K.L.:
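Below you'll find the structure I mean.
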Number of protein chains: 2
Amino acid sequence: MFGSHEHNHCIEQALTSAEEKCAENGLRFTPVRRKVLELLLEEHKAIGAYAILDALREAGFGSQPPVAYRALDFLVSHGFAHRIERLNAFVACAHPGEFHAPAFMICTSCNLVTEANTSAVNQALEAAAAETGFKVEQTVIEIEGVCHDCRDADAQ
Amino acid sequence: MFGSHEHNHCIEQALTSAEEKCAENGLRFTPVRRKVLELLLEEHKAIGAYAILDALREAGFGSQPPVAYRALDFLVSHGFAHRIERLNAFVACAHPGEFHAPAFMICTSCNLVTEANTSAVNQALEAAAAETGFKVEQTVIEIEGVCHDCRDADAQ
DNA sequence: ATTGAATTGTTATAAAATCACACGGGGGAC
DNA sequence: GTCCCCCGTGTGATTTTATAACAATTCAAT
C-alpha cells in the first residue's frame with residue numbers, strides 16, 4: 001500500500017535521525033535500542049514494556065524484562081521516547097531533539113496518543129508553582145478524552 | 001503535643017464532612033473506607049496501596065489487596081482522594097466537594113504532595129486540546145520538583 | 001593485544017493491580 | 001415484620017509491571 005509505504009519512509013527517517021543524534025553525542029544506537037524505537041514508531045499508540053518484549057523475542061533478542069526496560073530507559077532519557085504514566089506504557093517522541101516538556105492527549109476510543117502544544121500550559125504551570133515557591137523539575141501532563149476523528153465517528 | 005492535637009482536629013472534621021457528604025448522596029461511608037481516608041489524611045504524602053493495606057491489617061480489617069483497592073477506588077471516584085500516577089500512590093483530596101481537575105506538586109526531597117492552583121493551567125490545556133478538536137475528559141497533571149521549604153533547607 | 005566501561009543476557013524476585021468466588025449484613029418490597 | 005437482593009467485605013489465586021543481581025559479551029581507546 002502507498003500509505004504504509006509512506007509510513008515506512010517516515011520510520012526510516014526517524015531511525016536515521018536518531019542514529020545521527022546518537023553519533024553526535026557519543027551514544028550507542030544498538031540493535032536492541034533501534035528495534036524498540038522502530039516498534040514505537042510503527043504505532044502512534046502507547047505500547048507496554050511486555051508487548052515490546054514479545055516483539056523483541058520474535059526478533060531474536062533477549063526476552064527477559066530488563067532487556068526491554070533498559071532500551072526504553074535509554075530512549076526516554078535521551079528524548080527519543082516518552083513514558084505515559086497513566087498507561088504504564090511508552091510512545092515515540094514526536095519532536096526528538098527539541099527540548100520540551102511534553103503534554104499528551106490520549107484518546108480512550110482509538111488509543112492514539114498525540115503530543116499537544118504545551119507552551120501556554122507550561123507557562124501557567126510554572127506560574128502556579130512559583131506562587132508557592134516550588135521549583136519545577138519534571139512535569140507529567142496527560143489528558144484523557146476523545147480525539148477529533150473518534151468524535152466524528154461517534155456522532156454518526 | 002498541641003500541633004498534632006490540632007491536626008487530629010482537622011482529620012476529625014474532614015472525616016465528619018465526608019460522612020455527611022456520603023449520607024447526602026446515598027453512599028455508604030463504611031469502616032474500611034473511613035479508616036483508609038483517615039490514613040490518607042494523617043499525612044500530606046502519597047501513600048501506596050500496600051502501605052494502606054498494612055495499616056488496615058493492623059487495624060483488624062481484611063489484609064488482601066482488594067480490600068485496600070476497593071476502598072481507594074471508592075474514595076477516588078467520589079472525590080475524597082486522588083491517585084498520583086507518577087507514584088502509584090494516593091493522597092487525600094485537599095478540596096473535597098468542590099469539583100476540580102487537580103494538579104499536584106510532588107516534592108522529591110520531603111515527599112510532600114500538594115494540590116496546585118490550576119484554573120489557568122486547565123484553561124491552557126483546554127485551549128491546546130481544542131486546537132485539534134480533542135474533547136478532554138480527565139487530566140493528569142503532576143509536577144515533580146522541590147518545594148519552598150526544602151529549597152530553603154538545601155540553600156543552607 | 002589489553003583493559004575498562006558500557007551493553008546485553010539471564011535468573012530471580014519485588015511491587016502493583018486484578019480476577020473470581022464465597023459470605024454476610026442492611027435496606028427496600030411486599 | 002419477613003424475605004430477598006444488592007452491595008460491600010474477606011480470601012486465595014493470578015496477572016501485570018518493574019527491578020535486583022550477576023555473568024558474559026562487545027566496543028573503544030589505548
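Worth saying up front: this structure is predicted, and the values here are computed from it rather than measured. Convention: sequence-line order gives letters A, B, ...; per-chain numbering from 1.
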K.L.:
Hey, any chance I47(A) and I84(A) share a hydrophobic cluster, counting ILVMFWY side chains that come within less than 4.5 Å of each other, even indirectly?
P.N.:
no

K.L.:
Are there over 12 heavy-atom neighbours, none belonging to K135(B), within less than 6.0 Å of that residue's NZ?
P.N.:
no

K.L.:
What's the spacing between E137(A) CD and C107(B) SG if we round to 0.5 Å?
P.N.:
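Between E137(A) CD and C107(B) SG, I get 8.5 Å after rounding to 0.5 Å.
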
K.L.:
Roughly, in whole Å, what's the span from CG in D73(B) to C1' in dT18(C)?
P.N.:
10 Å

K.L.:
Using whole Å, report how far CG of D54(A) lies from P of dT17(D).
P.N.:
11 Å

K.L.:
Quick one: are L112(B) and K45(B) in side-chain contact, heavy atoms under 4.5 Å?
P.N.:
yes

K.L.:
With side chain to side chain contact (heavy atoms under 4.5 Å, CB included) as the test, would you mind laying out the steps for F29(B) and L37(B) before giving the verdict?
P.N.:
CA-CA 10 Å; F29(B) 196 57; L37(B) 181 53; 3.9 Å; yes

K.L.:
Hey, what do you get for CZ (F80(A)) to CG (L40(A)), rounding to the nearest 0.5 Å?
P.N.:
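Going from the CZ atom of F80(A) to the CG atom of L40(A) covers 12.5 Å.
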
K.L.:
Got a list of protein N/O to nucleotides 25-30 of chain C N/O distances below 3.5 Å?
P.N.:
none

K.L.:
In whole Å, what is the span from the CZ atom of R34(B) to the P atom of dT9(D)?
P.N.:
14 Å

K.L.:
What is the separation between atom CZ on F29(B) and atom P on dT9(D), rounded to the nearest whole Å?
P.N.:
11 Å

K.L.:
Nearest whole Å is fine: how far is dT17(D) C1' from I52(A) CD1?
P.N.:
13 Å

K.L.:
In whole Å, I'd like the distance from the CG atom of L53(B) to the P atom of dT9(D).
P.N.:
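Roughly 14 Å, once rounded to whole Å.
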
K.L.:
Does anything in residues 71-90 of chain A pair up under salt bridge (charged side-chain N to carboxylate O under 4.0 Å, His left out), and if so which pairs, sequence neighbours excluded?
P.N.:
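Every pair satisfying salt bridge (charged side-chain N to carboxylate O under 4.0 Å, His left out) with a residue in residues 71-90 of chain A: R83(A)-E85(A), E85(A)-R86(B), R86(A)-E144(A), R86(A)-E85(B).
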
K.L.:
When you check every protein heavy atom under 4.0 Å of nucleotides 8-17 of chain C, what one-letter string (B, S, -) results, 5' to 3'?
P.N.:
BBBB----BB

K.L.:
Would you say that V136(B) contacts N122(B) through its side chain, given a criterion of any heavy-atom pair below 4.5 Å between the two side chains?
P.N.:
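Result no, sub-4.5 Å side-chain heavy-atom pair not found.
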
